[in-house]
Each structure stands twice: as C-alpha cells, then as structure tokens.
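Reading through the structure tokens given below for one structure.
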Amino acid sequence: MTMAAKKGKSMPSSQVTVRRAGAQVGAFIENVDLSRPLADADFAIIRQALAEHCVIFFRDQELSEEQHIALANRFGRININRFFTPVPGYPQIAEVRKEPHQRSNIGSIWHTDHSYDVNPALGSVLYARIVPEIGGDTIFANMGAVFDSLSPGLQQTLQGLRALHSTRHVFGKDRPKTPGEDREGRIGNVELAVQDTVHPVVIRHPDSGRKILYVNPDFTVGIEGWLPGESKALLDYLYAQAQRPDFQYRFQWKKGSLAFWDNRASWHYALNDYHGHRRLMHRITIEGVPLTAA
Ligand code: SIN
C-alpha cells in the first residue's frame, strides 16, 4: 500500500495511458518518461497494465544504465543473470547482443526467462540501444489465453501435473552443440548450469489470479513421473497450441523502445532475421516469488 493510501488521501491523478497492442497480449504505455522516478499513481497504472496484458511497451525512452536499473528496482529486486555477459560496469544488466558477423542470436526459441529457477523471475525489462533497420522483432504469447483455449478435460488433467525445468541442455558444458554456434563473449559460466527445478504445469498468477500454462520449449524437459515419450507427446501438443498466432503479438523495435514482460504469464521469441546487422539490447530481470498450482 502506498503512503497516500495508508493515510486515506486520494492519489494524484496520472497522465499515463494504456493502449492495447494485440487482441490477446501486449499494451503500449504512453505519456510517461521512464528516466524519472515513477509517481505512485503512474506506477500503479503500469503494474496493473502488466498484470492485465502480460507485456507492456514504451517508445522513445532515453535511459542511462542507472535509470534503467532504478526503473527495474521500482518493481522488485534485480536478479543478476549468471549466464549472460553483463554490460561493463553494470552486473545487474545483461547484454543481449548480436554482431554483424554472428549467425546465432539469443532467444530464438519460444521461452520464458528463468523458468529453471526455484522462484522464477517476475519479469524482464529489455531496452533497445542499437537495432537493425528492419528485422529483429520479438513475438510474445499470452499463456493464460492458451490455457483458456484448452478443453475442460485437458485443463483438469494438466492441473494435476508438475514439470521439470533445467538449464543444463541450454547453458551447460555438455549441452548439444548446434553447427556454427558462436556464443563466445555472450554466454558463459557453463559450470553454473546445474539447476533443475519442478513447477506446477498450471500456475495461479501471483498478481492477476489467472490460470497460466507454465511449460516452455526451451527449459522444460519433461512431466514429472511420465516416460520421455509420454512427456514429449503432451508437451508437443501444448506447444503447437501455444504457437498459434491467435495468442501472439509481434513487436517491432526502434532505438529507445522498452518492453517489460511478465515471465509467468507470457512466452517470447526473438527473431533472428537480420544477419549482417548489429542489435544490442540491455536486459534486466526482476526476481519473482514461489509459484503455486492453480
Ligand atoms: C530474450 O529472450 O530475453 C531476448 C529477447 C530479444 O532479444 O528480443
């Protein structure tokens, strides 16, 4: 509760506006300068929009590293990513970088950040510093809407299940290598990729209360107590459903754009269609809370 609310005073009104981006996911937040500390009334609107729309977008922001950190800190404690190369001098900020000579990018598989953690991240705040003239969009999907689209019978089955999530096959030293992999300077600390954890397949979102399908193709490795073939068949079905364009919004970046997504409620996918061009994003991830079954 804010100080104003505690004292029974009404909050000053806010100029901030929320405009839906896609039918199922995403909203643009306008009339706000993120380089300045957020007033309580603005903060309340932005937090509510994040819970409602899963990902929120801001345009034309000019942020120093310090201002980016201050913004993230307003929403929670920063999680220092253990695998991404940090921005020099700012361990709280992970670089999401692709250079013109590199073929692979970070994030071109559907995923939600940090599902491998015991308390997965609340969200990520990604700020565009250098973007290609065309390409390098990010697609977001609403995983609450995906769950709602399933039959009551399948929903009930899923609500009794738990899934295993891991870092080993993505960041670990024994992970399967893809031809032409060029992670040097971008991803490291392979020895720290030993984290496995189990989460309910359907979680109750801690803020919105919505039921969310909480498995993803990058970090989920199976359904607890099921044979690998059984897990694969179920997960493949769910992933095909979740990848339907009906649940998505595709965001086109510009320099100074910022996207803030809720990792519990959404998936995202970074397109890798801009070879020969540079893309440099700064990402801060915010700590989350333990997840509970729906
Ligand atoms: C990520 O997956 O965190 C990065 C997304 C992007 O670069 O658009």
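We count residues from 1, following the sequence as given.
Less than 6.0 angstrom separates the ring centroid of Y214 from the ring centroid of H199. Between Y249 and F140, the ring centre distance reaches or exceeds 6.0 Å. Residues F75 and F43 place their aromatic rings such that the two centres sit under 6.0 Å apart.
No donor-acceptor pair under 3.5 Å is formed between the side chain of H53 and the backbone N or O of V55. A donor-acceptor distance shorter than 3.5 angstrom exists from the side chain of T157 to the backbone of G153, with no hydrogens or angles considered. A donor-acceptor pair is defined here as one N or O able to donate and one able to accept, closer than 3.5 Å; no such pair exists between the side chain of D196 and the backbone of Y116. Under the 3.5 Å distance criterion, the side-chain polar atoms of Q67 are matched with a main-chain donor or acceptor of S64. At least one donor-acceptor pair under 3.5 Å links the side chain of N31 to the backbone N or O of Q15.
Within a 6.0 Å radius of CZ in R77, other residues, nucleotides and ligands contribute 12 heavy atoms or fewer. By the 6.0 Å contact criterion, CZ on R36 is open, its count of non-hydrogen atoms from other residues, nucleotides or ligands being 12 or less. The 12-atom threshold is exceeded at CZ of R204, counting heavy atoms of other residues, nucleotides or ligands nearer than 6.0 Å. Residue E30 places its CD atom among more than 12 non-hydrogen atoms of other residues, nucleotides or ligands, all under 6.0 Å distant. With a 6.0 Å radius and a threshold of 12 heavy atoms from other residues, nucleotides or ligands, E133 has its CD atom at or below the threshold.
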Next item on the list: Apply the test side-chain contact (heavy atoms from CB on, under 4.5 Å) to residues F57 and F251: give CA-CA distance (whole Å), side-chain angles for both, the deciding distance (0.1 Å), then the verdict.
Entry: CA-CA 8 Å; F57 307 110; F251 182 61; 3.5 Å; yes
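With hydrogens and angles left out, the side-chain atoms of N79 and T285 include no donor and acceptor closer than 3.5 Å. Residues S257 and R59 have side chains that bring a donor and an acceptor to within less than 3.5 angstrom of each other. K211 and Q159 are linked by a side-chain donor-acceptor pair at a separation below 3.5 angstrom, with hydrogens and angles left out of the test. Using a 3.5 Å distance cut-off with no hydrogens or angles, the side chains of H268 and D113 do pair a donor with an acceptor.
Under a 4.0 Å N-O distance rule, the pair E230/K232 does not qualify as a salt bridge.
From L158, atom CG reaches atom CG of L234 across 6.0 Å, with rounding to the nearest 0.5 Å.
Of the candidates F247, W261, Y239, W267 forms a ring-ring contact (aromatic ring centres under 6.0 Å, His included) with just one, namely Y239. Applying the side-chain hydrogen bond (donor to acceptor under 3.5 Å, both in side chains) test between Y90 and each of E66, H68, E95 identifies E66 as the sole match.
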